There are 2 protein chains.
Amino acid sequence: MSVTIKDVAKMVGVAPSTVSRVIANHPRISAETSKKVRKAMEDLGYHPNVMAKSLVSKTTRTIGVVLPRPAEELLLNFFFYELIRGVLAQLTRSNYDLLMAGGSNEHEELETVTRLVRSGRVDGLLLLYSRASDPVIHFLHEEKVPFVLLGRSLDYEDVPSVDNDNVQAAFDATNHLIAQGQKRIGFVSGPSKLAMTQDRLMGYRKALTEAGLPFKDSWVVEGEFLLESGYRAMAYIMSQPEPPTALVVIDDVVAFGVLKGLTELNYRIPQDVAIVSFNNIALTELTMPPLSSVDVGTYQLGYTASQMVLRMIQQVEITARQIIPHRLVVRESSLLTVPPHA
Amino acid sequence: MSVTIKDVAKMVGVAPSTVSRVIANHPRISAETSKKVRKAMEDLGYHPNVMAKSLVSKTTRTIGVVLPRPAEELLLNFFFYELIRGVLAQLTRSNYDLLMAGGSNEHEELETVTRLVRSGRVDGLLLLYSRASDPVIHFLHEEKVPFVLLGRSLDYEDVPSVDNDNVQAAFDATNHLIAQGQKRIGFVSGPSKLAMTQDRLMGYRKALTEAGLPFKDSWVVEGEFLLESGYRAMAYIMSQPEPPTALVVIDDVVAFGVLKGLTELNYRIPQDVAIVSFNNIALTELTMPPLSSVDVGTYQLGYTASQMVLRMIQQVEITARQIIPHRLVVRESSLLTVPPHA
DNA sequence: TTGAAAGCGCTAACAT
DNA sequence: ATGTTAGCGCTTTCAA
C-alpha cells in the first residue's frame, strides 16, 4: 500500500486538508506546520497520487503528441526526433509529461485523439503535420481543446500553430542556386497535400519568376519523405532532353536519395548538378559532398510549440501563429567555383 | 461538462453500477440491458474517465519510457526511433499508452522514475540502455515495479531484458571480414560502460583469437555514439605505422563518421579499408559505398520489450531474458573481390 | 440480474 | 491558521 495524504496527516497530527494545503503552497499556513508536514512527507517517501489529483482538478499535466500515421510522413526521422527533443525539453522544464499516441491510419488517428480528449487523459495536444481537410483538427477545433499544430492548417486560418516561413525558405534556397549562376533548377517535392510542400514549391516558383528563369513541370517531381523517393526521382528527372543542373529538395533524407541516384548516373555534384535541401539534419555534413540545407530550427520548433500549448492551457493570450526563423547553411553540394555551362 | 456514467445510467433508467458492469463485460448482465446501455453510451458520446478508473483500479494502462540522458547515447537516432516505433506498435495494439519522460542527467533520471512510480502514473517501465551500477535499475528492482531493460544489466543477472546476442553479432561481423581475407582488423567502439559495447568488443576479440589474428590495443578506439566520434577516430587510428585494413564499427552513425574520415584521408572503401557496422538503419543503403551492417531487429526489440512488460503486469510468467536474432547484411563497404595485400 | 452504498486519494468550500 | 465535509467518476462488495 502506497503512502497517502492521510498517513502524512496522521503522523504529524493534523487534518488531511492541512497537508493538501502545504503541498499547494497555500498562503495561510503556519511556517511551523508546513515544516513538520514536509518533514513527514520526506520521511514517509510520500508522492501525491496523480490520479486522485487529476480527478478533482480536471487536469493531468500531460500533453499528448499525435504521431502522423507511420512510415512515409513519420520518417522525417531525424527531423522528427529533433522535434520531440525540443518538445520534451520544454515540457520537462514545466513539469509536464509527454504522452505519445499512434494511429496507423487516418481513422484510427481520429479515434485515438477522441479518446485522449474525452477520457481526460491530456490537457492539450501537439499535432505533427497538417494535411488538407484534417478531421483531427476539425474535431479539436470544435471541442475547444488546447492544441498546437506544427505546420500550417490549410482549412482554418486561426489555428494556433508554429511553423517556418516555408515560402521564404524555399525562395532563399532557390535564390542561392540562382546566385551561383544556375539557370535550370528543378524541385524534388513531397506529398502535395501537405501545407509544407505547397509552401516550399511556391517559394521555389517565386524565385524562378523573379529571376526570369523558366519553370518546367517536368522538372518538378512529387514524392514521399523517403530515401527511395529521391533516388527514383533522379531516374526520371535526369532522363529528359534538357535536365536541370540544380535541384531544390524538400527534405534532407530525400536529398540523400537524390545524391545516391545522381552518383549512380555518373553526375558529379555540384559540378553537374547542384543541390540544396531542407531541415539540416546532422548527417548533412557527412555526405559526399556535404549537403547545403536550410536549417529550420527543428528543436526550437518543438520547444516553441510546447510552450504555446502550455500557455493556452494557462489561458495566457498567445499569438496564433509563430514563425521560427530559418537559415541557409551552405556546404559543398551547391557551391560552384565556375558557373554551370548553359 | 463531460458526460459521465451517471448520465448514461439516467438515460437508460438503470443504476450507475449497471453501466459500469456493461463496460467491464460483467457476465451476469442481461443482453437486453447491455444493448440499451451501449446504445446510450454511443448516443451520448460517452468515454470513461481514465483518472477515476485509475484511482480505484490502481492501474493506468500506461507504460513509461525513460530516455537515456540526452545527446550522446540518445542520438542513436534512427535506431532509437525504430525502437520507439516497435514499442508504440505493441502498446497501441494492447490499448496501452506511452509516456515519455526525460532527464538530463543521471540524478534527474532517477528522480523522474521515482516520481512516475510513486505517484502511480505508470504501470510499468521500459529502460533504454543499461549502464554499470545504474541507480534506476536498483530502485525499480527494490520497488518490484514491472520493468524491462533494453540491453543487459551488468549488475543483476535476473533483470527482465530484451537484448541481442551482441557477442555473437560482433563475432559474426568480424568473421565476415576475416572470410574476406582481412588480417588487420580494428574496432571503433562506444562508451565502455555500456554492456552493449563490452559485448561487441568481446565478440570481436573472440573472432580474432579463433582465427589466430593479432589484437592490438591501438586498433581499438573508444568513443560516443556520435558522427564526430567515428570521424575523429580515423585521424588517430590511420596515423599508425601499420593501420588496420578493416574496421568493425559499433554503430551505423559512427560508421558514417568513419566513412567521412577515411574518404578525406584518401582511403578507398572497401579496397583500402573495409567496414562493417551495427544496427542497419535505413541510411546504410545510401552511403558511398553502401554500408555492411548487422541488422539487430530494432523494431522487434521494442516490440518484444513492450510485450514483456505487459506480461509482467498481467503476472504472466516470462523468460527473464529474451534474445532477438541478428543478421549480417553484407553490402559493398566490406566486399572485397581481391584479398587485401598483406 | 440489478441497485445501493462505500470508498479510491485528493481538493475546496465552509466552518471555526 | 486549521478542521470538517462533500464530492470528483468510477468500481465493487453486499443486498435484494
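Computed from a prediction, not measured in an experiment: that's the story for all the values here.
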Just how far, in rounded Å, is P of C:dT11 from CD1 of A:Ile5? 5 Å

Quick check: on DNA chain C, is the nucleotide nearest B:Val56 upstream (toward 5') of the one nearest B:Ile29, or the reverse? Name the residue that is more 5'. B:Ile29

Indicate yes or no for a side-chain donor-acceptor contact from B:Asn164 to the backbone of B:Ile324 under 3.5 Å, with no hydrogens or angles considered. yes

I need the CZ-C1' distance between B:Arg121 and C:dC10, as an integer number of Å. 15 Å

Looking only at heavy atoms, what is the nearest atom pair of A:Tyr46 and A:Asn49, with distance? OH-N, 4.5 Å

Between C1' of C:dC10 and OH of A:Tyr46, the distance in whole Å: 7 Å

B:Asp97 CG to B:Leu88 CG distance, which is reported to the nearest 0.5 Å: 9.0 Å

To the nearest angstrom, the CG-P distance between A:Asn25 and D:dA1 comes to 14 Å

Side chain B:Thr18 and base C:dT1 donor-acceptor under 3.5 Å: no

Can a donor-acceptor pair be found between the side chains of B:Thr60 and B:Asp123 at a distance below 3.5 Å? yes

Axis deviation across the helix from C:dT1-D:dA16 to C:dT16-D:dA1, five-pair ends, to the nearest 10°: 40°

Side-chain contact check for A:Ser30: nearest option of C:dT2, D:dA1, C:dG3 is D:dA1

Counting side-chain heavy atoms from CB outward, which of C:dG9, D:dG3, C:dT2 is closest to A:Ser17? D:dG3

Are the charged groups of A:Glu143 and A:Arg118 less than 4.0 angstrom apart, N to O? yes

By the 4.0 Å heavy-atom rule, please label B:Ser54 as base, sugar-phosphate, or nothing. nothing

Taking only side-chain nitrogens and oxygens of A:Thr33, does any of them come within less than 4.0 Å of OP1 or OP2 of D:dA1? no

Specify the residue among A:Arg28 and A:Ser20 whose closest nucleotide of DNA chain C lies further upstream toward the 5′ end. A:Ser20

Among D:dG9, C:dG3, C:dC8, which nucleotide has an atom closest to any side-chain atom of B:Ala52? D:dG9

Atom pairs and distances, donor-acceptor, side-chain atoms in residues 301-314 of chain B, under 3.5 Å, two or more places apart:
from     : atom 1 : to       : atom 2 : distance (Å)
B:Tyr303 : OH     : B:Gln90  : OE1    : 3.1
B:Tyr303 : OH     : B:Arg93  : NE     : 3.1
B:Thr304 : OG1    : B:Gln300 : O      : 2.6
B:Ser306 : OG     : B:Gly302 : O      : 2.8

Using whole Å, report how far NZ of B:Lys6 lies from P of C:dA5. 13 Å

Answer yes if the side chains of A:Ser20 and A:Ser17 hold a donor-acceptor pair under 3.5 Å, and no otherwise. no

For B:Val37 versus B:Val14, what's the shortest heavy-atom pair and its separation? CG2-CG2, 4.4 Å

Whichever of A:Pro16 and A:Pro27 has the more 5' nearest nucleotide on DNA chain D, that residue is A:Pro27

With the side chain of B:Pro48 defined as its heavy atoms from C-beta on, choose the nearest nucleotide among C:dT2, D:dG3, D:dC10. D:dC10

Starting from C1' on C:dT2, measure out to NE2 on B:His26 and report it in whole angstrom. 10 Å

Taking atom C1' of C:dC10 as reference, at what distance in whole Å does atom NZ of B:Lys53 sit? 20 Å

Please pick, from C:dT2, D:dT4, C:dC8, the nucleotide with the shortest atom-to-atom distance to any side-chain atom of A:Arg21. D:dT4

May I have the distance from A:Leu55 (atom CG) to C:dC10 (atom C1'), rounded to whole angstrom? 8 Å

